[in-house]
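Reminder, nothing fancy here: chain letters follow the sequence lines and each chain counts from 1. In this text, all values refer to a predicted model and were calculated from it rather than measured experimentally.
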Amino acid sequence: MKIEHFISETVTRSVEALYGKAEGEQLQIQKTRKEFEGDYTLVVFPLLRRSRKSPENTAAEIGEYIVAHTPEIKSFNVIKGFLNLTFEHSFWRARFAEICTDTRYGEAPASGRTVMIEYSSPNTNKPLHLGHVRNNLLGYSVARILQANGHKVIKANLVNDRGIHICKSMLAWKLFGNGETPASTGMKGDHLVGKYYVEFDKHYKAQISELMTAGKSEEEAKKSAPIFQEAQEMLRKWEAQDPDIYALWQMMNGWVYDGFDVTYKALGVDFDKIYYESQTYLLGKSLVEEGLKKGVFFRKEDHSVWIDLEADGLDQKLLLRGDGTSVYMTQDLGTAFRRFEDNKLDDMIYVVGNEQNYHFQVLKLILKKLGYNWSDHITHLSYGMVELPEGKMKSREGTVVDADELIEKMVQTAREMSDELGKLNDCTEEEANNIATMVGLGALKYFILKVDPKKTMLFDPRESIDFNGNTGPFIQYTHARIRSILRKAEEAGIDYSLPVEADCLPEEIELIKTLTDYPNVIAAAGADFAPSIISAYAYELAKLFNGYYHDHSILKEENTAVRQMRLQLAQEVAQVIQHAMNLLGINVPERM
RNA sequence: GGUUCCGUAGCUCAGUUGGAUAGAGCAACAGCCUUCUAAGCUGUGGGUCACGCGUUCGAGCCGCGUCGGAAUCACCA
């Protein structure tokens with residue numbers, strides 16, 4: 001039985017026996033805080049009306065009753081209105097034995113729900129940067145967490161492969177590229193295409209200032225710059241499926257996809273479905289027709305279609321241009337509809353930056369007004385910007401942190417640090433590289449995932465590369481140490497798989513209690529889409545074990561039963577750490 | 001101006017449905033390698049939880065207001 005159920009049932013029964021049945025009132029039970037004696041605590045303040053006694057007397061009365069009627073509970077103490085209950089060691093041992101035999105500990109049974117999570121969704125005109133890294137890591141981790149909560153998860157990526165941005169790169173490549181390819185330059189495809197996007201911008205800016213010195217206003221200059229008009233012409237040709245443009249588009253996008261694949265692989269993220277906007281951008285028009293018929297939308301004189309959301313505190317929003325072409329919102333209405341219909345989704349989660357909060361607010365509202373109740377099951381997992389110590393990232397000013405460079409730097413630093421510390425001296429070159437990769441990426445991933453998604457976060461490259469403190473490598477390190485102990489136990493032929501009856505130290509009880517909490521942590525992280533809850537837990541567990549590890553010997557313990565219990569405990573801690581890190585998409589090395 | 005979000009130690013961040021004396025890490029200082037991995041452990045100092053009012057036995061958390069910051073309010077995606 002789950003421990004929370006056991007406690008709440010026990011306490012509820014006792015309270016009812018003393019004061020009669022409660023009327024839907026929830027008892028407040030929580031883990032006892034470290035500075036007090038006890039395992040679980042009942043807050044008695046809400047019960048005072050029924051007991052008609054002081055908080056202290058009420059708590060004492062309940063405590064006496066519980067201890068007298070519950071063999072598993074050893075003792076109680078009362079501080080103000082808090083009743084602290086202490087359990088017998090045998091109770092914790094039994095609970096620990098349950099955890100050890102559960103091979104899928106922490107994971108919830110199948111829920112029968114299907115959830116789609118869309119993340120990454122890159123543009124194909126430039127490489128991924130730090131903002132995308134946050135997006136990808138969040139999306140992937142939340143997908144893992146939802147799986148652990150028993151849901152069927154579909155990871156989706158909607159690639160924005162068409163539009164004026166890619167045409168800019170294409171045009172600049174055509175004009176100035178001299179036939180360069182990833183193969184001929186040795187450049188990663190996305191970086192090569194990105195290079196021409198920058199190239200376009202350079203010429204564009206030059207033309208604008210030229211036109212402005214010739215007397216045009218900035219706005220005019222922006223519109224009439226020849227290179228810009230040429231890019232627009234290219235987009236028109238693309239939409240008309242001009243064979244030459246189409247071939248160029250396919251070739252350059254292909255380069256970008258090859259480049260993205262490398263980055264995704266390095267980050268350890270993947271997808272079940274990849275959608276391309278070139279195939280979905282015409283969707284949604286029928287929904288607009290439907291909305292017009294229902295009178296939810298209206299048409300203006302120029303034939304453009306709008307919805308008036310002023311009554312909802314928002315403003316008017318365009319849904320279809322005057323020439324009948326669709327806009328972003330049209331497409332998103334269409335794709336949402338298709339996805340719910342095609343996949344029988346229960347929930348849809350979009351991992352998209354907070355600059356689109358308004359968009360998703362409107363999207364949900366419109367679907368609701370069209371009568372689609374599944375609109376309530378759309379979640380925008382919004383995340384804040386990643387800022388640098390010097391200020392904001394601006395791609396045009398060259399202050400972006402490139403994802404590939406960052407990954408390389410992290411791995412390289414991990415390698416340098418471990419060489420310096422002599423950590424990997426007896427590894428082969430290949431092993432050492434693998435470990436450095438896990439550690440470098442672990443540092444990066446943990447650094448990003450431990451922050452609440454909705455907050456703007458500061459990425460300090462120097463701090464992220466510091467492997468001390470509340471970091472991924474610290475947790476990985478704890479895991480590696482435990483594995484090392486277990487290897488040695490195995491070499492010594494110690495069998496610690498059998499149940500043991502040793503008494504536990506307070507630190508050991510503490511560890512078991514923390515392990516007991518793991519399923520709740522996964523559930524909470526799943527409900528809030530919050531990898532940060534998992535990371536906080538993993539750190540707490542690792543820290544707890546580290547302190548214990550320093551103060552008590554495991555292999556050298558002479559009492560066989562105690563040693564077995566400690567080995568079992570170590571093994572279980574390692575497994576839970578590994579599982580938790582897995583949910584964050586972080587690999588844990590066997591040694592480091 | 002409207003909408004949404006943020007404001008917690010010098011810095012970066014936690015803080016579960018409202019509960020006990022608000023927690024970590026970094027930085028600073030003082031200890032700890034003859035003993036299972038020192039990428040570690042132990043200790044010290046550091047706070048008007050932006051501010052005010054309210055609800056409550058009880059507020060960092062809930063409500064209202066003020067101040068400060070961010071995003072957004074495109075026939076871009």
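Each of A:K409, A:R415, A:E416 was evaluated against A:Q412; a single residue qualifies, A:E416, per the side chain to side chain donor-acceptor pair (under 3.5 Å) test.
Base pairing of B:rC26: its partner is B:rG10, meeting the Watson-Crick or G-U wobble criterion (both donor-acceptor distances under 3.5 Å). The partner of B:rG54 is B:rC62, judged by Watson-Crick or G-U wobble contacts that both fall below 3.5 Å. Nucleotide B:rA70: paired with B:rU4 (Watson-Crick or G-U wobble, both distances less than 3.5 Å). Under the Watson-Crick or G-U wobble criterion, with both distances below 3.5 Å, B:rA20 has no partner in any strand shown. B:rG40 is paired with B:rC32 under the Watson-Crick or G-U wobble criterion, all donor-acceptor distances under 3.5 Å.
Side-chain N/O atoms of A:S484 include one lying less than 4.0 angstrom from OP1 or OP2 on B:rU37. Remark: A:K455 is in phosphate contact with B:rG7, judged by side-chain N or O atoms under 4.0 Å from OP1 or OP2. In this structure, A:N468 reaches the B:rG40 phosphate: one of its side-chain N or O atoms is under 4.0 Å from OP1 or OP2.
Across B:rU56 and B:rC61, the matching P atoms stand 16 Å from one another, rounded to whole Å. Comparing the P positions of B:rC6 and B:rC13 gives a spacing of 14 Å, expressed to the nearest Å.
Checking B:rG19, B:rA39, B:rA38 against the side-chain heavy atoms of A:V43 singles out B:rG19 as nearest. For A:Y358, the side-chain atoms get nearest to B:rC73 when compared with the rest of B:rG40, B:rC73, B:rU37.
Both tests pass for A:R339 against the ring of A:Y275: distance under 6.0 Å to the centre and angle within 45° of the axis.
With A:Y446 contributing its side chain and A:I586 its backbone, the two residues share no donor-acceptor pair below 3.5 Å.
Residue-level contact check: A:A489 touches neither bases nor backbone, having no heavy atom under 4.0 Å from any strand. Contacts of A:H380 with the nucleic acid, taken as non-hydrogen atoms under 4.0 Å apart, are absent. When heavy atoms are screened at a 4.0 angstrom cut-off, A:E277 is found touching the sugar-phosphate backbone but no base atom. Residue contacts shown for A:L458 are limited to sugar-phosphate atoms, with no base heavy atom under 4.0 Å away. Residue contacts shown for A:D528 are absent, as no nucleic acid heavy atom lies under 4.0 Å away.
For B:rA24, the base is not stacked against the aromatic ring of A:Y539, per a cut-off of 5.5 Å between centres and 30° between planes. Where stacking is scored as ring centres under 5.5 Å apart with planes under 30°, A:F45 does not register as stacked on the base of B:rG58.
The shortest distance between side-chain heavy atoms of A:Q476 and A:V439 falls below 4.5 Å.
Going from atom CZ of A:R33 over to atom C1' of B:rA22 covers 7 Å, rounded to whole Å.
You'll find a donor-acceptor pair under 3.5 Å spanning the side chain of A:N84 and the base of B:rA20, going by distance alone. Not a single donor-acceptor pair, N or O on each side, falls under 3.5 Å between the base of B:rA14 and the side chain of A:S535.
Projected onto RNA chain B by closest heavy-atom contact, A:R321 and A:F459 fall at different nucleotides, the more 5' of which corresponds to A:F459.
For the residue pair A:K34 and A:E510, the shortest heavy atom distance occurs at CE-OE2, 3.8 Å. The two residues A:I482 and A:A574 have their closest heavy-atom pair at CG2-CB, 3.6 Å.
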